Amino acid sequence: MTTSSFDEKRCEAISENIKLIREKISASAIKSGRNYEDIKLMAVTKTVPVEYINYSIDNCGIDLIGENKVQEFLSKKDELHLDGVEKHLIGHLQTNKVKKIVPLVDMIQSVDSLHLAEEISKQAVNNNLNMQILLEVNIGNEESKTGFQKSKFFEVMSQISELPMVTVNGIMTIPPICDDEKELRKYFTTMSQYFYDIKEKNYKNFNMEILSMGMSGDYELAIECGANLVRIGSLIYGARIYK
Ligand SMILES: *Cc1c(COP(=O)(O)O)cnc(C)c1O
């Protein structure tokens with residue numbers, strides 16, 4: 001590493017953090033009748049400098065990363081050690097950026113409108129690739145948040161299932177910020193219910209495998225409620241510094 005700001009201490013912390021998170025994932029998985037292997041750990045890399053992302057990939061077995069912004073991912077990707085690493089977009093995606101991102105990521109987790117799904121389909125067809133997506137649910141029906149409102153969500157499903165070169169692999173959510181574990185559990189459990197309801201309907205081009213929920217503050221609870229992909233940023237890399 002040549003970067004002068006590279007901090008060995010921060011690397012040690014990243015290793016420790018990931019080790020601890022894995023132990024906790026394992027414990028939560030067992031509580032919900034599953035195993036560590038059933039849960040995917042995503043490292044959320046927004047605002048994290050490339051050298052620390054690479055450290056976690058090279059030394060800590062991170063094989064799934066999530067970025068929020070198309071522009072940020074584009075500026076980092078050439079320096080990232082992405083061999084064998086799955087890349088997901090997890091942030092709100094504007095339709096005018098779909099063309100850029102579709103050829104570069106393995107999954108778009110933040111599909112929050114029929115219009116966006118249609119544009120992804122169009123670009124997937126243009127690139128002759130199948131795009132995997134998750135449908136983002138605004139589980140708290142919050143005005144300020146992206147994601148399908150619960151009512152809308154079930155309306156568009158059959159239309160999305162008709163889109164060429166798109167596979168719906170599951171659903172994701174960011175629940176409302178709340179300190180009340182009971183309330184949070186309710187959101188996660190509702191998501192879990194949706195996941196199984198949709199799965200049972202056997203929509204065309206749906207392959208319901210992923211229930212993406214749980215972040216630094218609530219991933220253990222999310223796993224207990226059925227999550228099988230958790231998206232963790234600050235607990236791995238430290239508090240984010242926005243420039
Ligand atoms: C930032 C972000 C995360 C990770 O948040 P932490 O609290 O730092 O773990 C997960 N999911 C999405 C969609 C995010 O934007």
Side-chain angles (χ1 to χ4, degrees), residues 13-46 56-57 60-68 85-91 106-111 132-140 142 145 147 150 153 168-200 206-240:
I14 291 170
S15 284
E16 280 302 307
N17 295 343
I18 292 173
K19 201 169 139 233
L20 202 66
I21 291 165
R22 289 201 168 115
E23 286 169 12
K24 290 187 173 171
I25 288 177
S26 184
S28 304
I30 287 163
K31 264 194 190 173
S32 65
R34 294 173 297 166
N35 294 306
Y36 176 77
E37 294 73 34
D38 299 319
I39 318 293
K40 281 192 187 178
L41 169 61
M42 164 186 283
V44 175
T45 52
K46 62 173 176 249
S56 65
I57 292 170
C60 314
I62 291 297
D63 59 3
L64 169 61
I65 63 165
E67 275 284 347
N68 285 66
V85 174
E86 232 183 285
K87 299 129 348 230
H88 293 187
L89 188 80
I90 59 171
D106 302 291
M107 186 178 290
I108 298 172
Q109 293 208 359
S110 41
V111 177
Q132 310 200 64
I133 67 170
L134 303 184
L135 303 179
E136 181 181 350
V137 186
N138 183 347
I139 196 69
E142 293 171 283
K145 279 235 178 88
K150 287 186 268 185
F153 176 54
V168 177
N169 285 85
I171 56 178
M172 81 90 101
T173 199
I174 308 168
I177 295 167
C178 66
D179 302 327
D180 183 358
E181 184 180 312
K182 243 170 72 189
E183 197 183 331
L184 207 48
R185 188 182 285 275
K186 207 176 70 194
Y187 293 126
F188 287 147
T189 307
T190 306
M191 282 295 289
S192 199
Q193 195 58 55
Y194 287 174
F195 180 73
Y196 288 106
D197 288 349
I198 298 165
K199 197 174 181 145
E200 264 184 12
F206 274 49
N207 177 26
M208 294 294 287
E209 284 182 333
I210 298 178
L211 178 52
S212 170
M213 57 187 192
M215 319 202 305
S216 289
D218 56 16
Y219 69 100
E220 294 169 270
L221 183 61
I223 293 169
E224 283 173 36
C225 297
N228 58 18
L229 189 157
V230 290
R231 310 178 309 265
I232 301 185
S234 46
L235 206 59
I236 293 178
Y237 298 107
R240 279 183 289 278

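For the single chain, residues carry numbers from 1 onward in sequence order. Basis for what follows: all heavy atoms, side chains included, without hydrogens, waters or symmetry-related copies. Since this is a predicted model, take the numbers as computed values, not measurements.
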> What closest approach, in Å, do Cys225 and Met213 show between heavy atoms, and which atom pair accounts for it?
Replying inline: O-CE, 4.1 Å
> Should we say atom OH of Tyr196 is surrounded by more than 12 heavy atoms from elsewhere, each under 6.0 Å from it?
Replying inline: no
> Where do Leu41 and Ile232 come nearest, in terms of heavy atoms and distance?
Replying inline: CD1-CD1, 3.9 Å
> Does Asn169 reach the main-chain N or O of Glu209 with its side chain, forming a donor-acceptor pair under 3.5 Å?
Replying inline: no
> Can you list the steps and then say if His88 with Arg231 is a side-chain contact (heavy atoms from CB on, under 4.5 Å)?
Replying inline: CA-CA 10 Å; His88 293 187; Arg231 310 178 309 265; over 6 Å; no
>> Would you compute the distance between atom OG of Ser56 and atom CG of Asp63 and round it to the nearest 0.5 angstrom?
In response: 10.5 Å
> Distance from Asp197 atom CG to Met208 atom CE, nearest 0.5 Å?
Replying inline: 9.5 Å
>> Are Met42 and Ile90 packed together at the side-chain level, in the sense that at least one heavy-atom pair is separated by less than 4.5 angstrom?
In response: yes
> Is any side-chain heavy atom of Ile210 less than 4.5 Å from a side-chain heavy atom of Met107?
Replying inline: yes
>> Any side-chain to backbone donor/acceptor pair from Thr173 onto Val137? Under 3.5 Å, distance only.
In response: yes
>> Please report the interatomic distance OG1(Thr190) to CD(Gln193), rounded to the nearest 0.5 Å.
In response: 8.0 Å
> Which value, rounded to the nearest 0.5 Å, describes the distance between Lys199 atom NZ and Ile171 atom CD1?
Replying inline: 11.0 Å
> How far apart are the closest heavy atoms of Ser216 and Ser234, and which atoms are they?
Replying inline: OG-OG, 3.3 Å
>> Is the shortest side-chain heavy-atom distance between Lys19 and Glu23 below 4.5 Å?
In response: yes
>> With a 3.5 Å distance limit and no angle check, can you tell me whether Lys87 reaches the backbone of Glu67 through a side-chain donor-acceptor pair?
In response: no
> Is Lys31 salt-bridged to Glu220, going by a charged N under 4.0 Å from an acidic O?
Replying inline: no
> Would you find a donor on one side and an acceptor on the other, under 3.5 Å apart, between the side chain of Asn228 and the backbone of Leu211?
Replying inline: yes
> Say you draw a straight line from CD1 of Ile174 to CD1 of Ile139; how long is it, rounded to the nearest 0.5 Å?
Replying inline: 12.5 Å
> Taking C-beta and beyond as the side chain, do Ile39 and Ser26 meet within less than 4.5 Å on heavy atoms?
Replying inline: no
> Side-chain contact, heavy-atom cut-off 4.5 Å: Leu64 with Leu229?
Replying inline: yes
> Where is the tightest heavy-atom contact between Asp218 and Phe188, given as atom of each residue plus distance?
Replying inline: OD2-CZ, 3.6 Å
>> A side-chain contact here means heavy atoms from C-beta on lying under 4.5 Å apart; do Phe153 and Ile198 qualify?
In response: yes
>> Is there a side-chain contact between Ile236 and Thr45 in this structure, where contact means two heavy atoms from C-beta onward sitting under 4.5 Å apart?
In response: no
> Is there a side-chain contact between Leu184 and Asp180 (heavy atoms, below 4.5 Å)?
Replying inline: no
>> Ignoring hydrogens, what is the shortest heavy-atom contact between Ser15 and Cys60? Give both atom names and the distance.
In response: OG-SG, 3.6 Å
>> We want to know whether Ser28 and Tyr219 form a side-chain donor-acceptor pair, criterion being a heavy-atom distance below 3.5 angstrom.
In response: no
> Got a second to check how far Ser212's OG is from Leu135's CG, nearest 0.5 Å?
Replying inline: 11.5 Å
>> If I compare all heavy atoms of Ser32 with all of Ile223, which pair ends up nearest, and what's the gap?
In response: OG-O, 3.6 Å
> Does a side chain donor of either Glu183 or Tyr187 reach within less than 3.5 Å of an acceptor in the other side chain?
Replying inline: yes
